[in-house]
Amino acid sequence: MKIWTIIFFLPMFFAVILPAINVWRVDVNMQWNHPFHPDGYYIGFNERRQKTNYLASHAPLPIDTLLLGSSRTTYIDPAWTGTDYGFNYGVSSGNYKDYEKYLNFAQSCSSKEIKNVWLELSFFQPLDAGNEKLDNADDCINAAGRLDSKFTNIFSHDAIELTRKSVLPLNTDEIGRLVDAYRVQGGDLQSYRMKDKFYVNDEEKSSEIARQLKVYDDMKFYCQSYDEKCAIRLKKLASSLAGKNVVVYMPPVTTAYLNQEASYGQLKNHERFLREAVDAFGEVWDFAYPNEITNNEDNFQDAHHAKIVTLEKMITIIRNSTPEDKYKYLVNKHNLEEHIYRFYR
């Protein structure tokens, strides 16, 4: 009986344990605080769980600055904001509806008070397209501290596929083609993406922009209804940030992307979103209208993601703004109507 038990269970043991060891060694979700993470790059496949798990597994962390936003924020190095203790909690398709949850969770994982918050608002956020295919913020946060969720993630198909396909040594030629590469060294996760999308030439980039716009057109993305609770949600979010140094910004997107938005008759809703944001926060840095940044495709990776150098320039403008910069990009209750008249009409 013993021999048959061994024969039966041994293959099953290896079938289960070997993939688990592989994922554990690579530590895709940054679940475990261990020193065996290889030097390398990998593509973030689920930033909600990845970053939430990282905070839970490495708490307490001395975070004093938090970046909240979508994939347009994920390429921002927190150090550009002037801190050595910043964490980029930007996630793909991130939405203002979840910001307060992520802020509270990050604070619970920090040994410092989070005093500075950089908050991204993008016009796709108030459209009720929904993110059903993405993980719910509450689910990610609730699961982050549970031991059973750690084991579940270790055996996930996504994690196994990620370790098989995406972990590459630093000296590989393929590193140039990685899109959303996070740098992993010594078991520490850089909380921001470190690679722009790679194109052989300008024609290839223009083709990608056109392809992406066609996808938005095919899915009728801008036919979604506007979130009627947007103003209430933004005011509630602003209230939760009382006492903190808050920078609200709308990152640049290509003029081609803005033109598509306009072709669906969404300019009025875009104006409405800007008005409601200014009403809630007092002032907003608006880079998402036709200007010298949006008009130049060289500033972008694709239709609506700015290059890393462009985002660094944006942060520099905000931090070291001249009167001319403020005239172009800083919108408050005093110049709101002028800004809308000049750039949205």
Side-chain angles (χ1 to χ4, degrees), residues 29-30 42-56 58 61 63-83 85-107 109-110 114 116-126 131 133-137 140-141 144 178-184 188-197 234 237 240-241 244-253 277 281 284-285 287-288 300-302 304-315 318-319:
N29 282 311
M30 304 305 296
Y42 68 95
I43 298 173
F45 70 111
N46 191 335
E47 294 151 318
R48 284 161 177 73
R49 292 200 182 276
Q50 184 188 69
K51 292 185 176 183
T52 302
N53 290 338
Y54 177 82
L55 289 172
H58 292 72
L61 293 166
I63 302 170
D64 63 12
T65 300
L66 193 69
L67 280 70
L68 296 168
S70 70
S71 57
R72 297 172 190 173
T73 287
T74 55
Y75 294 90
I76 297 176
D77 182 348
W80 300 341
T81 68
T83 182
Y85 303 102
F87 188 79
N88 186 327
Y89 213 158
V91 297
S92 295
S93 297
N95 197 291
Y96 59 77
K97 298 173 185 176
D98 293 329
Y99 285 173
E100 186 176 357
K101 298 172 184 177
Y102 289 132
L103 169 66
N104 291 339
F105 182 72
Q107 184 61 76
C109 296
S110 177
I114 297 177
N116 310 302
V117 178
W118 289 67
L119 200 72
E120 176 213 324
L121 295 177
S122 288
F123 178 58
F124 76 86
Q125 295 174 346
N131 291 324
K133 67 179 186 294
L134 299 169
D135 287 333
N136 179 279
C140 294
I141 291 169
L178 287 184
V179 177
D180 300 329
Y182 288 88
R183 183 162 171 260
V184 182
D188 293 327
L189 169 72
Q190 297 285 356
S191 61
Y192 60 98
R193 305 185 189 192
M194 299 186 65
K195 301 291 290 186
D196 285 333
K197 290 185 178 179
L234 290 178
L237 177 59
S240 72
L241 294 167
K244 301 185 185 300
N245 302 315
V246 182
V247 176
V248 182
Y249 63 96
M250 296 182 173
V253 295
F281 294 99
V284 174
W285 288 89
F287 294 86
F300 295 90
Q301 304 186 43
D302 55 35
H304 63 100
H305 291 100
K307 284 183 176 177
I308 293 173
V309 66
T310 307
L311 292 169
E312 185 175 11
K313 178 182 177 182
M314 180 188 74
I315 298 297
I318 293 173
R319 294 189 64 208

Write down the atom of [X], the atom of [Y], and the distance for their closest heavy-atom approach.
| X | Y | result |
| --- | --- | --- |
| A144 | N53 | CA-OD1, 3.6 Å |
| P126 | Y96 | CA-OH, 3.4 Å |
| L237 | E100 | CD1-N, 4.0 Å |
| I308 | R193 | CD1-O, 4.0 Å |
| G94 | R48 | N-NH2, 3.8 Å |
| R319 | W80 | NH1-O, 2.9 Å |

Distance, nearest 0.5 Å, that separates [atom1] of [X] from [atom2] of [Y]:
| X | Y | atom1 | atom2 | value |
| --- | --- | --- | --- | --- |
| D64 | T83 | CG | OG1 | 3.5 Å |
| E312 | Y75 | CD | OH | 15.5 Å |
| H58 | C109 | NE2 | SG | 11.5 Å |

Check ring-ring contact (aromatic ring centres under 6.0 Å, His included) between Y102 and all other residues, then give those that pass, not counting sequence neighbours.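 Y102 satisfies ring-ring contact (aromatic ring centres under 6.0 Å, His included) with Y89 once adjacent residues are dropped.
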
Can you sort out the partners of F287 under ring-ring contact (aromatic ring centres under 6.0 Å, His included), two or more places apart, ordered by chain and number? Y329

Quick one: does any side-chain atom of [X] pair with a main-chain N or O of [Y] as donor and acceptor, under 3.5 Å?
| X | Y | answer |
| --- | --- | --- |
| S110 | Q107 | no |
| N95 | Q125 | yes |
| D302 | H305 | yes |
| K51 | G90 | yes |

Just by distance, no angles: are the side chains of [X] and [Y] close enough, under 3.5 Å, to form a donor-acceptor pair?
| X | Y | value |
| --- | --- | --- |
| Q301 | D196 | yes |
| E120 | S70 | yes |
| R72 | S122 | yes |

Stepwise side chain to side chain contact (heavy atoms under 4.5 Å, CB included) check, L61 with L55: CA-CA 8 Å; L61 293 166; L55 289 172; 3.8 Å; yes

Test item: [X] and [Y] side chains (from C-beta on) under 4.5 Å apart, heavy atoms:
| X | Y | answer |
| --- | --- | --- |
| V247 | I318 | yes |
| Y192 | I76 | no |
| F300 | T310 | no |
| T73 | Y249 | yes |

Any chance you could lay out the side chain to side chain contact (heavy atoms under 4.5 Å, CB included) test for W118 and V246, step after step, and finish with the verdict? CA-CA 6 Å; W118 289 67; V246 182; over 6 Å; no

Answer yes or no: are there more than 12 heavy-atom neighbours, outside K101 itself, under 6.0 Å from its atom NZ? yes

Starting from the C-alpha separation in whole Å, work towards a yes-or-no answer on side chain to side chain contact (heavy atoms under 4.5 Å, CB included) for V248 and L121. CA-CA 7 Å; V248 182; L121 295 177; 3.6 Å; yes

side-chain contact (heavy atoms from CB on, under 4.5 Å) against [X], all qualifying residues, sequence neighbours excluded:
| X | answer |
| --- | --- |
| N136 | D138, D139 |
| A288 | M250, D286 |
| S191 | P78, F87, N88 |
| V117 | L68, L103, I114, L119, L241, K244 |

